[in-house]
Amino acid sequence: MQALIQLPPLSDSHICSKGDKLLLVMTHQGSEDRETVLEFQIERTRDPQHGDFACNVAMILGKLLKQAPQQLAKEIIARLPPENEWVQAIKMAGPGFINIYLKPVAYHRVLETILVDKERYGRHSLGNGKSVLIEFVSANPTGPLHVGHGRGAAYGASLARLLEVAGYQVACEYYINDSGRQMDILALSVWLRYLELCGETLRFPTKVYQGDYVWDIAATLHREHRDAFRHPSDQLFAGLTETEEHNSPDSFIDTLIQRCQTLLGAAAYRTVFELGLTVILEDIRRDLQEFGVHYDQWFPESQLVPAAEALLEKLTQQGLAYQKEGALWFRSSLYDDEKDRVLRRENGQMTYFATDIAYHWEKLQRGFDHVINIWGADHHGYIPRIKAVLAALGADPQRLSVLLVQFATLYRGKERLQMSTRSGEFVTLRSLREEVGNDAARFFYVQRRCEQHLNFDLELAKSHTLDNPIYYIQYGYARTIKVFRRLQEQGGQWEHNLAYLQTLATPQERSLLILLTRYPEVIASAACAYEPHQIAHYLRDLAQQFHSFYEEHRILVEEMPLRNARLSLTAATQQVLYNGLTLIGVTAPEEM
RNA sequence: GCGCCCGUAGCUCAGCCUGGAUAGAGCGUUGGCCUCCGGAGCCAAAGGCCACAGGUUCAAAUCCUGUCGGGCGCGCCA
């Protein structure tokens, strides 16, 4: 874009680019000699009447020089060469826009690039090879993934691919919360169900995991170990009343965990604990893999405990952690957090925060230029304390970005599906995938900005008809395939030649051509903003433009130059649809 | 109460970061298009005080302030 326009010699000016924006740096010869940075844009026009690109520099300059923008625009245009290899004309319009009209060959060149670059078309050097670690999903291995995790999975996987295409070195990681209280509660839940299978009668507490999967794990435990871990339930519940559970449910559970550990002994407890962890984690791995979500590393929290101890020690020595009311606190309030936070509970157990510190520290130590966390929006209050502790440890908090994903609400048509984790009746990611298919699930998850609440309509996602965007796009791709099959059946040949492309002249052909050349810009924009939804929207537009072209024109016409040109256009569309669909993890089916 | 996110067509949402020319799409509604490469498609119409009120600007859906709605968070939970 920069090559398209040469700026007039306004003092000592030069152009540089910053992000996706061009800057004009000029020495402003005013009363005092100083350098002024002008930010102006050369951007795509929406209305073809305004040419291909529009520049607002005259309006920006007009403000600075206190001159009429329209006059300035005319002067700038007068000093530009009237045309060159790519530019047909440059005109002033409206309040002072400088509109640039391109020669068709400019677009034809890009089409050729697409055909040559193939799946590499759209790739960028934007990231400059910088390394990024993306951590996402990281659900506690206490149960199967649900539809909320699905959104994080789809978003994270698409973002990873997007950044990779944009020139970053990307690694994906799943953090396994395999220690801590929640896991103990899982072990307890499994054991309680196991006791029931052994024939014990007991009152199942409300705050433990109740899903059917707990039964399954307990059944395995019972099958493999028979009554080896059985203890009378009276011993377990001795002195614990229903009122006590009601009044302080947390300490009620903690007591049960302690008794469970005492009654079983360390080795047996470990067996129960490990079985639950292994079974659930394996289920999560398989679920994500089937969903097309791949990780470079699965990082267990348990591995971090020594490092966490060391960091707690370090913070204490630096006076950034202190004892109060039997617990160890971090002075996060010194670093933009509202209050201090507990690192080690009164009962001696570390909080998740303590191991999280070690984990984030460890990630930065591994040398990534940037570290991205994708969290559910309900965790947003947690961000300041993580950034605080990184600052306290002497790291630059800017190296960490936390992206928040809002909740997904499921609908079946008009009906809103209620999800309740406690009862275990939540909708699992697996059941969603089974119902609507991976492609629709991936597409629906990423088609909205992640900070937007997502209404996920199962009926719509499932519909193989008119109103489902995913089928609309895939159908477009299948159509491009079919055209070439048809050509083959007719014994015809496609011969690409730049000269043939001159025969493309209709509005539909031109619009499609322009849209195809925009793909790299969409990649850049989406990558900069961490917004894969831009790709989904672009693909919708592209499919629409292709369908429109297809309906209005016959591709396999008799005239060879025109037929070849339209086939080139079709092939390029096919390629870009493929690249885009692949990026967001959706398949490009050859027939539907 | 404090903090973060959201409020745009009947519905679901883009556009907001980086202010520009008549505010865009899909669904739904209404009306057209199949001797033709797959009609799972295309074309067209109707539909908007961009939540509200101020401010900044030549120019505000976009930036600033306030108000009102909705969601989430504010634990020795994760």
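Only a predicted model underlies this, so the values are computations on that prediction, with no experimental measurement involved. Each chain gets a letter, A, B and so on, in the order the sequences are listed, and its residues count up from 1.
Taking only side-chain nitrogens and oxygens, A:S548 never comes nearer than 4.0 Å to OP1 or OP2 of B:G41. In this structure, A:H380 does not reach the B:C2 phosphate: none of its side-chain N or O atoms is under 4.0 Å from OP1 or OP2. Side-chain N/O atoms of A:Q182 include none lying less than 4.0 angstrom from OP1 or OP2 on B:C77. The phosphate of B:C77 has OP1 or OP2 within less than 4.0 Å of a side-chain N or O from A:R345. Applying the 4.0 Å criterion to OP1 and OP2 of B:A78, one finds that A:N177 has every side-chain N and O outside that range. Regarding contacts with the backbone of B:A14, a side-chain N or O of A:Q452 is found under 4.0 angstrom from either OP1 or OP2. Here A:K482 reaches the OP1 or OP2 of B:G38: one of its side-chain N or O atoms lies under 4.0 Å away. A:K207 has no side-chain polar atom (N or O) that falls below the 4.0 Å cut-off from OP1 or OP2 of B:C77. Put simply, A:Y382 has no side-chain N or O that comes within less than 4.0 Å of OP1 or OP2 on B:C72. Within the structure, a side-chain polar atom (N or O) of A:R449 is placed less than 4.0 Å from OP1 or OP2 of B:G15.
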Audit row: A:R181, A:D254, side chain to side chain contact (heavy atoms under 4.5 Å, CB included) steps and yes/no: CA-CA 8 Å; A:R181 186 161 176 269; A:D254 283 339; 2.7 Å; yes
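Across all strands shown, A:D337 has no heavy atoms under 4.0 Å from either base or sugar-phosphate atoms. Using a 4.0 Å heavy-atom criterion, one finds that A:E325 contacts the bases of the nucleic acid, with or without backbone contacts as well. Using a 4.0 Å heavy-atom cutoff across all strands shown, A:R341 reaches no nucleic acid atom at all. A:N56 comes within 4.0 angstrom of a base, heavy atoms only.
Atom OH of A:Y530 is separated from atom C1' of B:C5 by 19 Å (rounded to the nearest Å). Distance, A:F443 CZ to B:G26 P: 13 Å, rounded to whole Å. Remark: C1' of B:A78 and CG of A:L145 are 16 Å apart, rounded to the nearest angstrom. In this structure, A:Y471 places its OH atom 17 Å from C1' of B:G26, rounding to the nearest Å. Rounded to an integer number of Å, the gap from A:E338 CD to B:G75 C1' is 12 Å.
A:Y209 and A:Q182 are linked by a side-chain donor-acceptor pair at a separation below 3.5 angstrom, with hydrogens and angles left out of the test. No hydrogens or angles considered: a donor-acceptor pair under 3.5 Å links the side chains of A:E509 and A:T506. A donor and an acceptor atom, one from each side chain of A:S138 and A:E135, are located under 3.5 Å apart.
Look at A:H50 and the base of B:A21; the rings stack, centres closer than 5.5 Å and planes less than 30° apart. Under the stacking definition used here (centres under 5.5 Å, planes under 30°), the residue A:F97 qualifies as stacked on the base of B:A21.
Within 6.0 Å of atom CZ in A:F484, more than 12 heavy atoms from other residues, nucleotides or ligands are found, so the atom counts as buried in its surroundings.
In this structure, CZ on A:F97 lies 10.5 Å from OG1 on A:T45, to the nearest 0.5 angstrom.
Between the C1' atoms of B:A21 and B:U62, the separation comes to 16 Å (whole Å).
Nucleotide B:C63 is shown with an anti base, its glycosidic torsion being more than 90° from 0.
The ring-ring contact (aromatic ring centres under 6.0 Å, His included) test with A:Y359 singles out one residue from A:F299, A:F353, A:Y352, and that residue is A:F299.
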Could you spell out the base pairing of RNA chain B as a dot-bracket line? Use Watson-Crick and G-U wobble contacts where both distances are under 3.5 Å, [ ] for crossing pairs, | for partners on a different strand. (((((((..((((......[...)))).(((((.......))))).....(((((..]....))))))))))))....
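Nearest heavy atoms, A:Q534 versus A:V522: O-CG1, 3.8 Å.
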